[in-house]
Engineer: 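Pasting a structure below so you can have a look.
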Amino acid sequence: MKIASWNVNSLKVRLPHLGQWLADAQPDIVALQETKLEDAKFPVDELAAAGYQAVYSGQKTYNGVAILAREPPADVVTDIPGLDDPQRRILAATIGPLRVVDLYVVNGKAVGDEKYAYKLEWMARVREFLAREHERHPNLVVLGDFNICPDDRDVYDPVAWGEDILCSPPEREALKAITELGLHDSFRLFESEPGHYSWWDYRQAAFRRNMGLRIDLILIGEALKPAAKAAGIDREPRRWERPSDHTPVTLELDI
DNA sequence: ATGGTTGAAAGTCAA
């Protein structure tokens, strides 16, 4: 089974890219972020024609998450219980043997900004939610755009980035508090070297110069670790015309 | 250094 996560930065613009990539990569489950679409405008029919059922939680202009799957998603959750948040950033569903949680983590803008405080608060609430999900579902997959570089290997220039947004110690601690629930960064089960990124800024020819960050992650519960066979980052769609600034990340599970 | 580029939407805001 192949699982993927992709921040498409507008599903309206990127629907052709997604269609091409689904045909090329043949994933079984895909978590999308930044769909930027109201639910009424979600391209259900186009994706069904490609062989995928979809669940989605979107809004106009900003945010928006979706899960595509070959098997029907069930037990869908679109909000963190007790957190009244209009921003559409989380989506959970059960697909076959897996519980899948798609996250579009708050960017935070800059350390000290009010959005940064919201990011840390949101991460703490997500951690509580994931702790409960993991108790109920050992086969838990948590994936998405985390907007946090786990460590300096995931940053093209760690000295320049320093402790700025996406790399600050409180953000990394918030991510660590989630991985310490027994949720492993699957990419690092297979690759320990630096220089592998999932996002490159649109500016300054960052992709061509490989000035990127690895902020798109697929975390798996301890119970799934033996099933993990390969993890990857598919840079090909980042080379296409009018690309998203993120590229798909993948995980092969023998399940 | 707060630059430049893209998306949504129509002047800016968010990333």
Side-chain angles (χ1 to χ4, degrees), chain A residues 5-21 30-43 46-47 56-66 85-91 102-123 126 143-150 154-168 170-172 174-175 197-217 233-249:
Chain A
S5 176
W6 193 4
N7 179 324
V8 290
N9 187 18
S10 169
L11 185 52
K12 183 181 174 186
V13 173
R14 240 62 74 181
L15 188 57
H17 306 67
L18 179 61
Q20 184 64 57
W21 190 74
V30 184
L32 303 175
Q33 304 86 36
E34 285 203 269
T35 55
K36 300 185 179 178
L37 283 179
E38 294 169 285
D39 289 347
K41 296 187 174 173
F42 197 86
E46 290 89 336
L47 292 165
Y56 37 90
S57 178
Q59 66 186 95
K60 202 185 214 180
T61 311
Y62 302 120
N63 309 312
V65 283
D85 188 352
Q87 300 192 22
R88 301 293 80 198
R89 297 182 175 277
I90 186 164
L91 182 62
D102 180 12
L103 300 180
Y104 174 47
V105 174
V106 179
N107 174 287
K109 191 171 180 178
V111 175
D113 193 277
E114 62 183 25
K115 289 174 184 163
Y116 181 76
Y118 165 57
K119 180 179 197 170
L120 295 178
E121 170 65 15
W122 192 87
M123 285 293 281
V126 166
L143 74 174
D145 176 359
F146 282 72
N147 268 320
I148 299 172
C149 303
D154 306 307
V155 186
Y156 72 93
D157 187 345
V159 174
W161 273 87
E163 298 187 350
D164 285 353
I165 193 71
L166 312 186
C167 296
S168 73
E171 291 169 88
R172 285 179 167 170
L175 176 58
Y197 311 127
S198 64
W199 171 87
W200 300 262
D201 200 295
Y202 283 122
R203 297 164 285 194
Q204 299 176 312
F207 180 63
R208 182 177 59 73
R209 301 156 75 188
N210 198 27
M211 296 165 63
L213 304 174
R214 192 176 68 90
I215 53 178
D216 299 273
L217 311 176
I233 302 175
D234 185 354
R235 287 187 299 184
E236 190 57 32
R238 190 64 178 77
R239 299 189 182 98
W240 297 345
E241 286 292 317
R242 210 178 177 190
S244 169
D245 45 353
H246 297 250
T247 213
V249 298

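Numbered from 1 within each chain, the chains take letters A, B, ... in sequence-line order. These values consider heavy atoms only, across backbone and side chains, with no hydrogens, waters or symmetry-generated copies.
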Engineer: Using the closest heavy atom to pick a nucleotide of DNA chain B for each, name whichever of A:Lys12 or A:Asp201 lands nearer the 5' end.
Structural biologist: A:Asp201
Engineer: If you measure from the P atom in B:dA15 to the same atom in B:dA1, how many Å do you get, rounded?
Structural biologist: 24 Å
Engineer: Distance between the P atoms of B:dA8 and B:dG4, in whole angstroms?
Structural biologist: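 Result for the P pair: 22 Å, nearest Å.
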Engineer: Measure NZ/A:Lys36 against C1'/B:dA9 and give the value in whole Å, please.
Structural biologist: 11 Å
Engineer: So which nucleotide from B:dG4, B:dA15, B:dG7 ends up closest to the side chain of A:Arg89?
Structural biologist: B:dA15
Engineer: When rounded to the nearest Å, what value does the distance between P atoms of B:dA9 and B:dA14 take?
Structural biologist: 14 Å
Engineer: Hey, could you give me the CZ/CD distance between A:Arg14 and A:Gln20, rounded to the nearest 0.5 Å?
Structural biologist: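 Spacing of CZ (A:Arg14) from CD (A:Gln20) equals 15.0 Å.
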Engineer: Would you tell me whether A:Trp21 and A:Asp234 have side-chain atoms, one donor and one acceptor, within less than 3.5 Å of each other?
Structural biologist: yes
Engineer: Heavy atoms only, 4.0 Å cut-off, all strands: where does A:Tyr104 land among base, sugar-phosphate and nothing?
Structural biologist: sugar-phosphate
Engineer: To the nearest angstrom, how far is A:Asn7 atom CG from B:dT6 atom C1'?
Structural biologist: 12 Å
Engineer: Could you tell me how far B:dT2 sits from B:dG11 if I compare only their P atoms? Round to whole Å.
Structural biologist: 28 Å
Engineer: Tell me what A:Arg238 touches on the nucleic acid: a base, only sugar-phosphate, or nothing, going by heavy atoms under 4.0 Å.
Structural biologist: nothing
Engineer: I want to confirm an ordering. Mapping A:Tyr202 and A:Thr61 to their closest nucleotides on DNA chain B, which one lands closer to the 5' end?
Structural biologist: A:Tyr202
Engineer: Once you round it to whole Å, what is the distance between P of B:dT6 and CG of A:Asn9?
Structural biologist: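 The answer, rounded to whole Å, is 11 Å.
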Engineer: When the distance from CD of A:Gln59 to C1' of B:dA8 is rounded to whole Å, what number comes out?
Structural biologist: 12 Å
Engineer: Closest approach to the side chain of A:Ser10, judged atom by atom: which nucleotide of B:dA15, B:dA14, B:dA8 is it?
Structural biologist: B:dA8
Engineer: Please report the distance, rounded to the nearest Å, between CZ in A:Arg209 and C1' in B:dT5.
Structural biologist: 14 Å
Engineer: For residues A:Asn107 and A:Tyr116, is any side-chain donor paired with an opposing acceptor at under 3.5 Å?
Structural biologist: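 Result is no, nothing qualifies.
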Engineer: Look at all strands and tell whether A:Lys115 reaches a base, only sugar-phosphate, or nothing, counting heavy atoms closer than 4.0 Å.
Structural biologist: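 Sugar-phosphate, backbone atoms only, no base.
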Engineer: Taking atom types as modelled, is there a side-chain donor on A:Tyr202 or A:Asn9 under 3.5 Å from an acceptor on the other?
Structural biologist: yes
Engineer: Salt bridge or not between A:Asp113 and A:Lys115? Use side-chain N to carboxylate O under 4.0 Å.
Structural biologist: no
Engineer: Could you state the atom-to-atom distance from CH2 of A:Trp161 to C1' of B:dA15 in whole Å?
Structural biologist: 11 Å
Engineer: So, is A:Arg14 close to the B:dG7 phosphate, meaning a side-chain N or O under 4.0 Å from OP1 or OP2?
Structural biologist: yes
Engineer: Taking CG from A:Asp245 and P from B:dA15, how many angstroms apart are they, rounded to a whole number?
Structural biologist: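 Spelled out: CG on A:Asp245 to P on B:dA15 is 12 Å.
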Engineer: Rounding to a whole Å, what distance do you find between A:His17:NE2 and B:dG7:C1'?
Structural biologist: 13 Å
